[in-house]
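Working notes, structure below.
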Number of protein chains: 2
Amino acid sequence: MNKDFFTCSNCPMTRTMATIGSKWKPIIIYALGERTLRFGQILVRIEIISKKVLTDQLKELEEDGIINRIAYKEIPPRVEYHLTEKGLELLPILNLMTLWNAKYSEQE
Amino acid sequence: MNKDFFTCSNCPMTRTMATIGSKWKPIIIYALGERTLRFGQILVRIEIISKKVLTDQLKELEEDGIINRIAYKEIPPRVEYHLTEKGLELLPILNLMTLWNAKYSEQE
DNA sequence: GATACTGGTAACAATAAAGTAACCACTAAT
DNA sequence: ATTAGTGGTTACTTTATTGTTACCAGTATC
């Protein structure tokens, strides 16, 4: 009985998925990249995401320290988002994943 | 207007998420690792996953060429699963993700 | 003959995630 | 006075994902 026995309560993968394992989060992070984008710009880039979902996901990503939100006190409002250091470190990993996927997507 | 304009229909991240972006898939892949495991063994390792969900996810992973399923014609039945080359290549990437997550999980 | 074993399946229930549509605040310009 | 512009929120509906329970096949053992 080896000690790497898999238990979900503190399985690293389970915990990681709890942070970025959702339909939209990796997409948002990827869309943001190294840019600073306004709410509306993200909305346009991801095209088919809804306002509400984007709001929700951005909020969660901010809570998890993956993105930074800066609201300027202007009218009409301007809110900018960009990845934190933590978020930026995720970028190359997500990139590897898309490369992996692309590599095996040639048969289509 | 630069050409990396983000369109979801063929956004690499969106497509990658379609393959492995579910609550359980990364966990199953991670649990499998380089081992060959029987259905029941995976079930025990992941503890809280249900039979049905595991069945479903394994089926999809097999369809996507990420795992191999070998059914021995024995009674009681014996079915073994292991990662394909494609699946194995995903392992280090998932590993990076758990490392990333662990790095920023110290505050808890 | 009853029971255990394994890897499922079927029918269904519950939950979580995502989507829709209307609305709001506040200012500037028409 | 009305409309546009931005970044939301609210209430609600729909859809997707997960989970539950009971059951099955077919052989071996008690």
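Note on naming: letters A, B, ... go to the chains in the order of the sequence lines (proteins, then strands), and numbering restarts at 1 for each one. Excluded from the calculations below are hydrogen atoms, water molecules and symmetry mates; all remaining heavy atoms, backbone and side chain alike, are included.
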Worksheet entry | Side-chain touch B:H82/B:L88, heavy atoms, less than 4.5 angstrom |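 They are not in contact (no side-chain heavy atoms under 4.5 Å apart), so the answer is no.
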
Worksheet entry | Phosphate-side-chain proximity, B:R38 and C:dC5, N/O vs OP1/OP2 below 4.0 Å |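 Looking at the OP1 and OP2 atoms of C:dC5, neither is under 4.0 Å from any side-chain N or O of B:R38.
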
Worksheet entry | Phosphate contact (C:dG8 OP1 or OP2) by B:R69 side-chain N/O below 4.0 Å |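 Yes, such a contact exists.
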
To the nearest Å, give me how far apart [atom1] ([X]) and [atom2] ([N]) are.
X: A:Q41; N: D:dG5; atom1: CD; atom2: C1'; result: 14 Å
X: B:D56; N: D:dT17; atom1: CG; atom2: C1'; result: 10 Å
X: B:E60; N: C:dG8; atom1: CD; atom2: P; result: 15 Å
X: A:K73; N: C:dT27; atom1: NZ; atom2: C1'; result: 17 Å
X: B:M17; N: D:dT17; atom1: CE; atom2: P; result: 14 Å
X: A:W24; N: D:dT15; atom1: CH2; atom2: P; result: 16 Å
X: A:F39; N: D:dG8; atom1: CZ; atom2: C1'; result: 6 Å
X: B:L43; N: C:dT6; atom1: CG; atom2: P; result: 11 Å

Output yes when [X] and [Y] qualify as a salt bridge under the 4.0 Å nitrogen-oxygen rule, no when they do not.
X: A:E47; Y: A:R45; answer: no
X: B:K25; Y: B:E60; answer: yes
X: B:E80; Y: B:R69; answer: no

Selected nucleotide, minimal atom distance to [X] side chain, candidates [options]:
X: B:P77; options: C:dG19, C:dT6, D:dG7; value: C:dT6
X: B:T55; options: C:dT20, D:dG7, C:dG8; value: C:dG8
X: A:K52; options: D:dG19, D:dT10, C:dG7; value: D:dT10
X: B:K23; options: D:dT18, D:dG5, C:dG7; value: D:dT18
X: A:I75; options: C:dG8, C:dT27, D:dG8; value: C:dT27

Which part of the nucleic acid does [X] contact within heavy-atom distance under 4.0 Å: base, sugar-phosphate only, or nothing?
X: A:Q57; answer: sugar-phosphate
X: A:Y81; answer: sugar-phosphate
X: B:K51; answer: base

Worksheet item: Is atom CD of B:E74 surrounded by more than 12 heavy atoms (other residues, nucleotides or ligands) closer than 6.0 Å?
Response: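 Counting neighbours around CD of B:E74, more than 12 heavy atoms of other residues, nucleotides or ligands fall under 6.0 Å, so yes.
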
